[in-house]
Amino acid sequence: MKKISVLGSTGSIGVRTLEIANAFPERYQVVALTAGNNIDLLLKQIHTFSPRIVSVVSEREAQKLRQQLQNVDVEVYHGAEGMIRCSTVPEADMVVAAIVGAAGLMPTMAAIKAGKNVALANKETLVIAGSLIMEEVKRQKVCLLPVDSEHSAIFQALTGHRREDVQRLILTASGGPFREYKPAQFATITPAEALAHPNWDMGRKISVDSATMMNKGLEVIEARWLFDYPATMIDVHIHPESIIHSLVEYRDGAVMAQLGIPDMKTPIAYALSWPERLPLVQQPLDLCRLGQLSFSAPDIERFPCLQLAYEALEVGGTVPAVMNAANEIAVAAFLNNQLSFPGIAEVIRKVMYRHESEDLTSVEQALHADLWSRRKTQEFISGGPL
């Protein structure tokens, strides 16, 4: 029996994680949950899984939840303190870190410091403070297991091979809904169009990141820290079918690929059960029916966010944290019709180029850079001085 805490239980990754826990009750017990504002769904999850503690965003939501759980044996917390309580609950063997954005950094670090194994779906944690996170993972001798389909694929393709034999990591990208758009079409893209991902069912922020290809840029940075290979050894290939989830090329020319239908349950289940595999009831991959698999190089002229992520990784220090925060604010502005689709990359670039990078020595420093970036990005969007 593995006891798990799920951070971000009402999001797409959290929901699928709980579906797996529900399908294998003899293997998984849910001891803690955190959620945002979807109290109705959280209530259903509490009644299904009977966690010992839960946390929500605000005191108001916590009070509302307590009123509806008067006859239920569960502790209700809120805010940053509540998330950290849930990520460090003593009985948890594993923490599933599925909070979107920079908000996932502190509870993930707290879980690692508490000696918990972590199934990581929050790529921003490694983007913001990758070196610090991986140092703590080594210090605490815990496992940090990837949940993103691309990083799970690389993790699997690396297994059983010597790291010095690796020549290149290749992350695949669907290309999003606009991979065939002409440059003139980008200015009129609407939030509804950006949220309509052709292959994957994801949250709003991640769907927009996929459409701009910032998501792939964040994954490049995540891969650099997860697997400890430099950016020069990490490439991106557009693969519209989303069947090959990523590849590893070795120095003798061999290329190992992990294939599967585009469904997040598989990488989530692998992180939960590693080194075993769960007998999931999944649609089988029918390559004959699929017919063909296609690949192409990404077009950084049309999707500049990918290049910005490589630049942030090259400079290092606090720049990745600044880039990530600028992206979060810019995406939110786009979804609120305050910024055009091309404006997302434009604003991120302006903020990055106005930041004086510092060597990263603490999580607090990374969060300070994050806060500076959010303020500066909001200034730009509001028409302030450039």
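Values in this document were obtained by computation on a predicted structure and should not be read as measured data.
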Partners passing side-chain hydrogen bond (donor to acceptor under 3.5 Å, both in side chains) against Lys216 (at least two apart in sequence or in another chain): Glu150, Glu219
Spatial distance of atom CD1 (Ile381) from atom NZ (Lys376) [nearest 0.5 Å]: 13.0 Å
Stepwise side chain to side chain contact (heavy atoms under 4.5 Å, CB included) test for Thr212 and Phe334: CA-CA 11 Å; Thr212 64; Phe334 167 71; over 6 Å; no
Ion pair check, [X] and [Y], cut-off under 4.0 Å:
X      : Y      : result
Lys44  : Asp40  : no
Lys350 : Glu346 : yes
Asp93  : Lys3   : no

Could you tell me whether [X] atom [atom1] has more than 12 heavy atoms of other residues or ligands within 6.0 Å of it?
X      : atom1 : result
Glu356 : CD    : no
His368 : NE2   : no
Gln185 : CD    : yes
Asp73  : CG    : no

Testing the basics here: between [X] and [Y], what is the closest heavy-atom pair and its distance to 0.1 Å?
X      : Y      : answer
Ala366 : Ile128 : CB-CG2, 3.7 Å
Ile13  : Ala121 : CG2-CB, 3.9 Å
Lys116 : Pro90  : NZ-O, 3.0 Å
Ala345 : Leu308 : O-CD1, 3.7 Å
Ile154 : Leu247 : CG1-O, 4.3 Å
Asn122 : Val100 : ND2-C, 3.9 Å

Do [X] and [Y] land in one hydrophobic cluster if side-chain heavy atoms of ILVMFWY residues count as linked below 4.5 Å?
X      : Y      : answer
Leu360 : Leu126 : yes
Val118 : Val363 : yes
Met264 : Leu171 : yes

Which residue pairs satisfy the salt bridge (charged side-chain N to carboxylate O under 4.0 Å, His left out) criterion with at least one member in residues 58-69, sequence neighbours excluded? Glu59-Arg66, Glu61-Lys64
Distance-only donor-acceptor hits, side chain of residues 265-272, under 3.5 Å, sequence neighbours excluded:
from: Lys265; atom 1: NZ; to: Glu19; atom 2: OE1; distance (Å): 3.2
from: Thr266; atom 1: OG1; to: Gln282; atom 2: NE2; distance (Å): 3.2

Answer whether the closest heavy-atom distance between the side chains of Ser152 and Val147 falls below 4.5 Å. no
Going by atom type alone, with no hydrogens or angles, which donor-acceptor pairs under 3.5 Å involve a side-chain atom of residues 226-234 and a protein atom two or more places apart or on another chain?
from: Asp228; atom 1: OD1; to: Arg224; atom 2: NH1; distance (Å): 3.3
from: Tyr229; atom 1: OH; to: Arg163; atom 2: O; distance (Å): 2.9

Other cluster members, Leu41 - Ile/Leu/Val/Met/Phe/Trp/Tyr, side-chain contacts below 4.5 Å: Val15
Residue list, side-chain contact (heavy atoms from CB on, under 4.5 Å) with [X], at least two apart or on another chain:
X      : value
Glu75  : Arg52, Ile53, Tyr77
Glu249 : Gln167, Arg168, Val255
Asp359 : none

Output all residues satisfying ring pair (Phe, Tyr, Trp, His ring centres under 6.0 Å) with Phe24, sequence neighbours left out; order by chain, then residue number. none
Partners passing ring pair (Phe, Tyr, Trp, His ring centres under 6.0 Å) against His78 (at least two apart in sequence or in another chain): none
Determine the interplanar angle of the Phe186 and Phe341 rings, folded into 0 to 90°, and report it as parallel if under 30°, tilted if 30 to 60°, perpendicular if over 60°. tilted
Where does the angle between the aromatic ring planes of His161 and Tyr250 fall among parallel (under 30°), tilted (30 to 60°) and perpendicular (over 60°)? tilted
Answer yes if the side chains of Thr318 and His355 hold a donor-acceptor pair under 3.5 Å, and no otherwise. yes
Those residues that, when tested against Arg374, pass salt bridge (Lys or Arg N to Asp or Glu O under 4.0 Å) (two or more places apart): Glu328, Asp370
Would you please test Glu379 and Arg375 for salt bridge (charged side-chain N to carboxylate O under 4.0 Å, His left out) and show each step? CA-CA 6 Å; Glu379 286 179 15; Arg375 291 173 176 168; over 6 Å; no
Begin with the C-alpha distance, continue with both residues' side-chain angles, and end with the deciding distance and a verdict on side chain to side chain contact (heavy atoms under 4.5 Å, CB included) for Leu145 and Asn117. CA-CA 8 Å; Leu145 298 163; Asn117 293 326; 5.6 Å; no
Residue pairs passing the side chain to side chain donor-acceptor pair (under 3.5 Å) test with at least one member in residues 126-138, sequence neighbours excluded, are Glu136-Arg139, Glu136-Gln140
